[in-house]
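Scroll down for the structure; my scribbles are underneath it.
Naming: A, B, ... by sequence-line order, numbering from 1 per chain. Values reported hereafter were calculated over all heavy atoms of this structure, with side chains retained and with hydrogens, waters and symmetry mates removed. All values reported here derive from a predicted model rather than from experimental measurement.
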Amino acid sequence: MEYRFNEIEKKWQDQWKANKVYKVSNESAKPKYYVLDMFPYPSGAGLHVGHPLGYIASDIYSRYKRLKGFNVLHPMGFDSFGLPAEQYALETGQHPADTTEKNIATFKSQLNKIGFCYDWDREVRTSDPQYYKWTQWIFLQLFNSYFCNTEKKALPIVLLIKKYETKGAMPKTGEAIPGKHFTAAEWKGYSKKQQEDILMKRRLAFCAYGEVNWCAALGTVLANDEVVNGVSERGGHPVEKRKMRQWYLRITAYADRLLEGLEKVEFSDSMKEMQRNWIGKSQGAEMDFAIKNSAEKLRVYTTRPDTIFGVDFMVVAPEHELVNKITTADQKEEIEKYLGYVKSRSERERIAEVKQITGCFTGAYAINTFNGKEIPIWIGEYVLAGYGTGAIMAVPCGDQRDFAFAKHFNIPITNIIGNHFNGADANATKEAVLENSGFLNGFLMKDAINIAVNKIEELGIGIRKINYRMRDAGFSRQRYWGEPFPIIWSDGIAIPLDAAELALELPHVDKYGPGPEGEGPLANIDEWTNLPGDARRETSTMPGYAGSSWYFLRYMDPHNITTFCDRKASDYWNQVDIYIGGTEHAVGHLLYSRLWTKILFDLGYIGYEEPFKKLVNQGMIQGSSRFVYRLKMSILFREDYDFFKENNVDVFISDNIRLNFLKDPVNFKFLPYLKTKFPDLDYSYFEGIPNSVEISPDLMIPLHVDVKMVDGFELDQDAFKKWRSEFENAILITDVDGKFICKGDVEKMSKSKFNTENPNDLVDKYGADTFRMYEMFLGPVEMSKPWDTKGIEGVHRFLRKLWRLFNDELKGKIWTEDKATDAELKIVHRTIKKIEEDTEKFSFNTAVSAFMICINDLFDVKCHKKEVLEKILILLVPYAPHIAEELWHQLGNDGSILDAKYPEFNPALLVESSKEYPISINGKVRANIKLALDLDQAAVEQIVLQNEVIQKWLEGKAPKKIIYVKNKMVNVVI
RNA sequence: GCCCAUGUGGCGGAAUUGGUAGACGCAGCAGACUCAAAAUCUGCCAUUCGCAAGGGUGUGAAGGUUCGAUUCCUUUCGUGGGCACCA
């Protein structure tokens, strides 16, 4: 009888389904354990081989915990709102709800094929109105709450209103500032709109103005992902910054608690570090500088007030409100020009490209209070409006970016750190003794920080201030496929829907294009958007992370129609015991879900404020991507830009030609090259373009193409033209042999990169058990690796070999009921120990190899005994459940192996009395000697020195020292 | 650029707290079985010098600490991920 994995896996999957073996109850005498995967976005490409890496790991762990006697919750669902479905809708006209439904069906069938132990009765989908009803409900809780700075927690906004009505909002000390403080009487005198505007500034979910990527040509706001090299990915249109009203979550209020919470969770240090860096807490001072000939003051934030005497210039963010006010007449034109340039730059480009130094002098000067020095005020793109005060004091001797800026614009540099500054590079030390620093002279910098802040406060020109790099989280998208906001606008006031009116369902649309003025598609649906009177619905939708910020709670009580999750259920399942997912979510999703959990905790809806007790990061299975290079039309073919645009013509070049360019980009003339190399091409498109047009590397934009259209590196040109409507008329400039070669690269596997691989093919060929074990065998779960199927045969051979311990092709059943020998038991118990340890620490690759070693050993001793094999099968259940169940039944067992009792390891069987010690001379192993484990140093030295090989190396000399580490090694130093 | 991770044979990778580098597997080579193939089994398999015995070198690179470093420290290079509207 041979190992027919297809039949076996089908048989048991059907049986398990029929018997509902994965059904999980909220009531059990067993201890609970909650194993959670980051749920997938159901992309149109289907599940790819990268997804199961984490899912297999969590499935193994869940099954292991179950065998160990836990009531295990291990659910799965779908993060089914998102941009890709909408983009697909734009391209094909299919409704996102339909494509999403279809994609989920594909995902589920793929997941089931691999044999995961999910309780599908608990499935959640973020795009299901029954689910997003509660996402909207939680949004309302956020909207109706504020962060109380005294209690450091969220409280219902009605309490704040009550406070305003009774006490107003007056400063604890000092004078009330008009516009900021008010009495109860004043509050009552405010109009409804005025009151609401004040409250909006405190709500946890609030509206404010923020910048978006605006693409005028497409009439829409673009995601960062849709902007490539400063132009839109679709069509290559220019993109610029534009201010729009947006929703935000006040995550900054929780910055400290998010930091403190990290102490209580088991995340890897690097993960915690990433979150800490994202939050970016810094201590420093905020101070005001007078501006020469102006009543305005420039407020800067600095973490290094000790360097105040080294300030040689100020840099203000180009968006800073002061820029208009202080720019002098003769600098106006230049500043305007610079502002135009900055508008086209993404934030990333602005901070990343340090080699390219840009800036512009405003003509204004700030006055350094401490020495009266006049400090030129510049604007520069490396200063961002969103961080600190949007203005910095630049100390070129101490900060590299300031230094580069000063050098570039020939601003004289003041040295305040003596010979710590070499004139060639800035030195950010805190250990230098200050010079040229007035009252700070002679102080060590790190001590001077405090002295400087005290002085600043004493003079009343500034305050000690803690700052966070983190900004409030943008929470609205000008898109269709997301949760609608349960908000109606009337007279400029946001009115929340009543909870009873939820879910506010997404209306059906026929067109997915943007609404007027960059609003989302919902703005196009008059009857939905415009309500009686002046009332108008919010037309933005929530971002992708809304639904994923609380889904782990819904799994606990997925069908509840009266609340998002019954308190009894959330108390029972409590925190997620182990959460498995990729590091790419290190800051986004993980911070947001931690925030939501804290808020729900503050408001008393759940009993814990950290959602995930322990986090395991799975690595990424990388894909092998293919690119084509598009020539940037707008620049290269200026004269004929309109023609190309109207006719929807894009030009792509084969990678070989591109490489030719790169060899000599200066002298390479594009058109002459083409005409000599490809005399037969139709050049009518290029008529009128001067031959001298040059192409530089940055005029060639890489574009992912579907790896399925590429054979090795050669593009299927017809398939490419049919791939997207906009490529229908594309000109493909091929190599001389007519082949179009793509560039290859290894990167994240994702639909948007068109480099996904489907696990189904492998499951069909080798079976789910082989696939599961192979993915684990690839390497440590937390490590990233490019996808490769090279080693899968080995894992498959292992399972077949296991099978042959039970069955012989000719003889049939060969297992016996004989009593196991000590040697056989030793193999089993060594394996139990190893598998248990490895499973506990998520070292699944070494566990798989331990299984292999075990089976090889059992083969060597020709062991076919039920007593031995049975234990191995139970160990194997988490890894290869189908074959384990099948063989379990072949051994004559009745019940399912899924609920067997995990074998216990007996240490007595593994005790050794001696060990083969490596004996080194000066750290190099020269001999091996078997020594009893209970020997002392003197006895070991004696034996070792008598050894022939050691004597040879000693050449008659006495050793300087002999190091003996029990159970490890012996080192003879000569 | 900044933050985080990572770098070991032809390949994936292994190596408690610093203690025999290369487990396990893939590929490759040689052989057995077979009319043949598949399957299976046996042996070899970092590199270099050597007939061999045995030696030298070797964990991205360069230094350092140590009796001993893949492991700890410093510097540096490459790669992957994230950088706020992809999920």
Side-chain angles (χ1 to χ4, degrees), chain A residues 2 38 40-41 43 79 81-84 87 212-213 221-227 246 268-271 273-274 276-278 280 347-355 382 386 400-401 469-479 543-545 548 582-589 591 617 619-620 622 746-748 750-753 774 777-780 782-786 788-795 797-798 800-801 804 809 837 843 845-846 848-853 856 859 916-925 928 959-963 965 967-974:
Chain A
E2 59 178 319
M38 288 184 187
Y41 173 78
S43 101
D79 189 11
F81 270 137
L83 194 51
Q87 268 172 339
V212 293
N213 301 314
V221 175
L222 294 177
N224 288 342
D225 225 40
E226 300 174 288
V227 182
Q246 302 288 344
S268 68
D269 289 340
S270 57
M271 182 68 45
E273 194 61 19
M274 274 190 262
R276 281 192 200 104
N277 290 336
W278 180 266
E347 194 170 296
R348 180 86 53 87
E349 291 167 330
R350 285 174 53 176
I351 45 178
E353 290 171 16
V354 288
K355 285 185 190 110
Y382 77 99
Q400 192 56 39
R401 281 180 313 181
R469 205 180 64 91
M470 180 168 68
R471 307 195 290 261
D472 282 324
F475 196 67
S476 48
R477 305 288 183 260
Q478 284 63 52
R479 297 288 177 174
Y545 67 82
S548 61
T583 43
E584 68 270 28
H585 300 286
V587 281
H589 162 65
L591 272 181
N617 287 118
M620 198 146 347
Q622 287 142 337
V746 168
E747 57 182 356
K748 184 171 167 175
S750 97
K751 196 207 169 189
S752 61
K753 296 181 176 16
Y774 176 61
F777 193 54
L778 275 177
E782 68 274 12
M783 217 69 89
S784 292
K785 49 232 152 193
D788 194 350
T789 54
K790 254 191 251 162
I792 197 165
E793 287 284 354
V795 177
R797 263 174 228 157
F798 153 73
R800 281 207 309 257
K801 195 165 180 178
R804 282 185 288 116
E809 255 179 74
E837 282 171 1
S843 180
N845 57 326
T846 52
V848 173
S849 88
F851 277 120
M852 290 173 169
I853 292 169
N856 289 345
F859 245 86
E916 184 101 345
Y917 278 80
I919 316 295
S920 312
I921 307 281
N922 289 343
K924 273 201 188 311
V925 180
N928 280 289
K960 277 191 197 138
K961 203 191 319 185
I962 294 178
I963 291 150
V965 184
N967 215 357
K968 292 278 185 212
M969 44 63 71
V970 178
N971 190 16
V972 181
V973 186
I974 55 177

### Task
Tell me which nucleotide among rC24(B), rA15(B), rG81(B) gets nearest to the side chain of S849(A).
rC24(B)
Got a list of protein N/O to nucleotides 10-12 of chain B N/O distances below 3.5 Å?
unit_1  : atom_1 : unit_2  : atom_2 : d
rC11(B) : O2'    : K790(A) : NZ     : 3.3
rG12(B) : O2'    : L778(A) : O      : 2.5

#### Entry: Between P of rC86(B) and CG of N224(A), the distance in whole Å
5 Å
### Message
Within the 4.0 Å heavy-atom criterion, would you say P543(A) contacts the bases, only the backbone, or no part of the nucleic acid?
### Response
nothing
When you compare the protein's N or O atoms with those of nucleotides 40-42 of chain B, which come within less than 3.5 Å of each other, and at what distance?
unit_1  : atom_1 : unit_2  : atom_2 : d
rU40(B) : OP1    : R800(A) : NH2    : 2.7

### Query
What does nucleotides 68-74 of chain B look like as a protein-contact string, B for base, S for sugar-phosphate only, - for none, at under 4.0 angstrom between heavy atoms?
S------
### Task
Return the set of residues passing side-chain contact (heavy atoms from CB on, under 4.5 Å) with N922(A) (not counting sequence neighbours), or none when no residue passes.
V973(A), I974(A)
### Task
Sort out the partner of rA32(B) for me: Watson-Crick or G-U wobble, both distances under 3.5 Å, none otherwise.
rU40(B)
### Task
Give H589(A) one of three labels, base, sugar-phosphate or nothing, depending on what nucleic acid heavy atoms sit under 4.0 Å from its own.
nothing
### Query
Base, sugar-phosphate, or nothing: which does M38(A) touch, judged by heavy atoms less than 4.0 Å apart?
nothing
### Message
Using Watson-Crick or G-U wobble geometry with both distances under 3.5 Å, which nucleotide pairs with rC11(B)?
### Response
rG25(B)
#### Entry: Given rG25(B), rA87(B), rA14(B), the nucleotide with the shortest approach to the side chain of E584(A)
rA87(B)
### Message
Counting the atoms with a prime plus P, OP1 and OP2 as sugar-phosphate, which does R276(A) contact under 4.0 Å by heavy atoms, base, sugar-phosphate, or nothing?
### Response
nothing
#### Entry: Proximity to the side chain of N856(A) - top-ranked nucleotide from rC24(B), rA87(B), rC85(B)
rC24(B)
### Query
Can you check rG9(B) for me, syn or anti if syn means within 90° of 0?
syn
### Query
Is there a salt bridge (Lys or Arg N to Asp or Glu O under 4.0 Å) between E226(A) and R479(A) once you walk through the steps?
CA-CA 13 Å; E226(A) 300 174 288; R479(A) 297 288 177 174; 2.5 Å; yes
### Query
By salt bridge (Lys or Arg N to Asp or Glu O under 4.0 Å), which residues pair with D225(A), not counting sequence neighbours?
none
### Query
Nearest of rA21(B), rA14(B), rC67(B) to any side-chain atom of N845(A)?
rA14(B)
Got a list of protein N/O to nucleotides 52-56 of chain B N/O distances below 3.5 Å?
unit_1  : atom_1 : unit_2  : atom_2 : d
rG56(B) : OP1    : R926(A) : NH2    : 3.2
rG56(B) : OP2    : R926(A) : NH1    : 3.3

### Message
Taking pairing as Watson-Crick or G-U wobble with both contacts under 3.5 Å, can you name the mate of rA5(B), or confirm there isn't one?
### Response
rU79(B)
Atom pairs under 3.5 Å, N or O on each side, protein against nucleotides 2-7 of chain B: can you list them with distances?
unit_1 : atom_1 : unit_2  : atom_2 : d
rC3(B) : O3'    : N277(A) : ND2    : 2.9
rC3(B) : O2'    : N277(A) : ND2    : 2.6

### Message
Among residues at least two apart in sequence or on other chains, which ones pass salt bridge (Lys or Arg N to Asp or Glu O under 4.0 Å) with R471(A)?
### Response
E347(A)
### Message
Restricting to side-chain contact (heavy atoms from CB on, under 4.5 Å), what partner residues turn up for E273(A), sequence neighbours left out?
### Response
R276(A), N277(A)
### Query
Please give, in whole Å, the distance from rC85(B) P to Y41(A) OH?
17 Å
### Query
Sequence neighbours excluded, which residues qualify as ring-ring contact (aromatic ring centres under 6.0 Å, His included) partners of F798(A)?
none
### Query
Touch check for V212(A), heavy atoms < 4.0 angstrom, all strands: base, sugar-phosphate only, or nothing?
base
### Query
From the list rA87(B), rU20(B), rC85(B), which nucleotide is the closest neighbour of the side chain of D79(A)?
rA87(B)
### Query
Nearest of rC24(B), rC85(B), rU20(B) to any side-chain atom of R477(A)?
rC85(B)
### Query
If each of T846(A) and Y917(A) is mapped to the nucleotide of RNA chain B with the nearest heavy atom, which maps nearer the 5' terminus, i.e. the 5' end?
T846(A)
## Note on the structure
With sequence neighbours left out, the residues meeting side-chain contact (heavy atoms from CB on, under 4.5 Å) with P918(A) are V925(A), N928(A), M969(A)
### Message
Holding to side-chain contact (heavy atoms from CB on, under 4.5 Å), I want the full list of residues that pass it with A473(A), two or more places apart in sequence or in another chain.
### Response
L249(A), I251(A), Y545(A), Y592(A)
### Query
What integer distance in Å separates F81(A):CZ from rC86(B):P?
17 Å
### Task
Tell me what Q478(A) touches on the nucleic acid: a base, only sugar-phosphate, or nothing, going by heavy atoms under 4.0 Å.
base
### Task
Ignoring hydrogens and angles, state whether a donor on the side chain of N971(A) or K961(A) is under 3.5 Å from an acceptor on the partner side chain.
no
### Query
Just checking Q246(A): base, sugar-phosphate only, or nothing, at a heavy-atom cut-off of under 4.0 Å?
base
### Query
Rounded to whole angstrom units, what separation is found between the NZ atom of K961(A) and the P atom of rU66(B)?
11 Å
